[in-house]
Engineer: 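My structure is below; once you've seen it, I'll send some questions.
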2 protein chains.
Amino acid sequence: MAKRVRGSRTGRPIMVLLDLLGRRWVLRIVWELREEPKRFRELQDAIGASPTIVNSRLAELREAKLVELDADTGYRLTPLGKELLRLFLPLHLWADKWAKAI
Amino acid sequence: MAKRVRGSRTGRPIMVLLDLLGRRWVLRIVWELREEPKRFRELQDAIGASPTIVNSRLAELREAKLVELDADTGYRLTPLGKELLRLFLPLHLWADKWAKAI
DNA sequence: GACCGGCGCTACAGAAAATGTAGTAATACG
DNA sequence: CGTATTACTACATTTTCTGTAGCGCCGGTC
C-alpha cells in the first residue's frame with residue numbers, strides 16, 4: 001500500500017498542512033523565524049534540537065515554500081510563511097491565558 | 001540536567017503550547033473534534049493512528065484542559081479547546097490557497 | 001599556499017517514540 | 001450465562017530523534 005504524505009491519506013490541503021505542522025520542531029522553527037532570519041546554527045541552538053532533525057525539517061519547510069535560505073542573512077520565512085505566521089500570532093497571547101487556566 | 005516539558009526548557013507558555021501542538025497527531029485530533037464529539041474508536045479510525053498513541057495524546061490534551069471525555073457522547077473540546085480551535089479555523093481557508101501555491 | 005573560523009550540512013550509534021495487532025477490563029442487554 | 005460495546009493496555013517491530021563528531025566549502029590572513 002503506497003503511503004504518500006505521512007498521516008494524510010486524503011491529500012486534502014488542510015490535512016497535509018496539519019501533518020506538516022504537527023511534526024516535531026516545525027511550529028517552533030516557524031516561531032523562531034518570526035522576527036528576523038537566523039543562521040542554521042543559531043536556529044539549532046535556539047530550539048535545542050539535533051542538527052539532523054533541524055536540517056530535515058528545514059528541508060520540508062523549504063519544499064513547502066514556507067521557509068527559504070538567503071545566503072547573506074540565513075533562513076527566513078517566505079511571503080507564504082509570513083502569512084501562515086500571521087495566523088499564529090494570536091497564539092502568543094492566548095498561550096498566556098491558557099497557562100493561567102491550567 | 002533536569003528536563004521538564006519536552007523541547008521547552010524555558011517554561012514560557014508559548015513554548016509549552018508549541019511543543020504540545022507540535023506532537024504527532026495533536027493538531028489533527030483537535031481538528032477532528034472541531035464539530036462534534038467523537039468516540040475513542042471513531043477518532044482512531046478518522047485519523048488512522050494506533051490506539052496507543054491516540055490514548056496518550058488524548059491524555060496530554062485532557063491534562064492541558066483542551067479536551068474532555070463525556071461518558072455519553074465521547075471526547076470533545078473544552079471551552080478552552082474551542083477557543084484554541086477558533087484561532088485555527090482560518091487555517092482551513094489558508095491551506096487551500098497554500099496548496100495552489102506550491 | 002597553508003592555516004584559520006564560520007558556514008550549511010552529514011554520518012552514525014544509541015535512545016525514544018510510533019505502529020500494528022492482540023487482548024483486557026468494565027458495563028449493559030438479553 | 002453469552003454477546004456487544006466501550007475505553008484502554010501490552011508488546012514486539014519499525015520509524016524517528018538525539019548527541020556527538022566531523023566533512024566540504026568559502027573568504028580572509030599570514
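First the proteins, then the strands, lettered A, B, ... as listed; each starts at 1.
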Engineer: If you restrict it to nitrogen or oxygen atoms, what contacts under 3.5 Å exist between nucleotides 25-28 of chain D and the protein, and what is each distance?
Structural biologist:
none

Engineer: Of all the nucleotides listed (D/dG19, C/dT21, D/dC17), which has the minimum atom distance to the side chain of A/I53?
Structural biologist: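 That would be D/dC17.
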Engineer: Kindly write out the residues that satisfy salt bridge (Lys or Arg N to Asp or Glu O under 4.0 Å) with B/E35, not counting sequence neighbours, or none if the list is empty.
Structural biologist: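 By the salt bridge (Lys or Arg N to Asp or Glu O under 4.0 Å) rule, B/E35 matches no residue at all.
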Engineer: Output yes when at least one side-chain N/O atom of A/W25 is less than 4.0 Å from OP1 or OP2 of D/dT16, else no.
Structural biologist: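 No, because none of the side-chain N or O atoms of A/W25 sits under 4.0 Å from OP1 or OP2 of D/dT16.
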Engineer: Tell me which of B/S56 and B/Q44 sits closer to the 5' end of DNA chain C, going by the nucleotide each one is nearest to.
Structural biologist: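 Mapping each residue to its closest nucleotide by heavy atoms, the 5'-most match is B/S56.
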Engineer: For B/E42, check salt bridge (Lys or Arg N to Asp or Glu O under 4.0 Å) against everything at least two apart and list the hits.
Structural biologist: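 None.
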Engineer: Side-chain donor or acceptor of B/T52 under 3.5 Å from a matching atom on the base of C/dA17?
Structural biologist: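 Answer no: no donor N or O sits under 3.5 Å from an acceptor.
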Engineer: In whole angstrom, give the distance that lies between atom CD1 of A/I29 and atom C1' of D/dC17.
Structural biologist: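 Rounding to the nearest Å, CD1 of A/I29 and C1' of D/dC17 are 13 Å apart.
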Engineer: From C-beta outward on A/A49, which listed nucleotide comes closest to its side chain: D/dC11, D/dT18, D/dT20?
Structural biologist: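 The answer is D/dT18, which lies nearest to the side chain.
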Engineer: To the nearest 0.5 Å, what is the distance between CG on A/L87 and CG on B/L91?
Structural biologist: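 Separation between the atoms: 6.0 Å.
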Engineer: Just N and O in the side chain of B/R23: are any of them under 4.0 Å from OP1 or OP2 of C/dA17?
Structural biologist: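 No, outside the criterion.
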Engineer: With side chain to side chain donor-acceptor pair (under 3.5 Å) as the rule and sequence neighbours excluded, what pairs involving residues 61-71 of chain A come up?
Structural biologist: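 Those involving residues 61-71 of chain A are A/R62-A/Y75, A/E68-A/R76, A/D70-A/T73.
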Engineer: Does A/R28 reach the main-chain N or O of B/M15 with its side chain, forming a donor-acceptor pair under 3.5 Å?
Structural biologist: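 Absent.
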Engineer: Could I get the full list of side-chain contact (heavy atoms from CB on, under 4.5 Å) partners for A/V30, not counting sequence neighbours?
Structural biologist: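 Partners of A/V30 by the side-chain contact (heavy atoms from CB on, under 4.5 Å) criterion, ordered by chain and then number, come out as A/L61, A/L77, A/L85.
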Engineer: Using atom CG of B/D72 as one end and atom P of D/dT6 as the other, report the distance to the nearest whole Å.
Structural biologist: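 Computing the B/D72:CG to D/dT6:P distance gives 13 Å.
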Engineer: Can you name the side-chain contact (heavy atoms from CB on, under 4.5 Å) partners of A/P51, sequence neighbours left out?
Structural biologist: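 With sequence neighbours excluded, A/P51 shows a side-chain contact (heavy atoms from CB on, under 4.5 Å) to A/F40, A/Q44, given in chain and number order.
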Engineer: When you measure from the side chain of B/R23 to the backbone N and O of B/L20, does any donor-acceptor pair fall under 3.5 Å?
Structural biologist: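 Checking the backbone N and O of B/L20 against the side chain of B/R23, no donor-acceptor pair under 3.5 Å is found.
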Engineer: Check residues 93-102 of chain B and write down every donor-acceptor pair under 3.5 Å in which the side-chain atom is one partner and the other belongs to a residue at least two apart or another chain.
Structural biologist:
unit_1	atom_1	unit_2	atom_2	d
B/W94	NE1	A/E83	OE1	2.8
B/K97	NZ	A/E83	OE1	2.8
B/K97	NZ	A/E83	OE2	3.0
B/W98	NE1	A/A64	O	3.1

Engineer: Picking from D/dT16, D/dA21, C/dT21, which would you name as closest to the side chain of B/R24?
Structural biologist: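 Nearest listed nucleotide: D/dT16.
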Engineer: Which atoms of nucleotides 6-8 of chain C (N or O only) lie under 3.5 Å from a protein N or O atom, and what are those distances?
Structural biologist:
unit_1	atom_1	unit_2	atom_2	d
C/dG8	OP1	A/F40	N	3.0
C/dG8	OP2	A/F40	N	3.1
C/dG8	N7	A/R41	NH1	2.9
C/dG8	O6	A/R41	NH2	3.1

Engineer: A/E60 has an atom CD; how far is it from atom P of D/dT16, in whole Å?
Structural biologist: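 For the pair A/E60 CD and D/dT16 P, the rounded distance is 10 Å.
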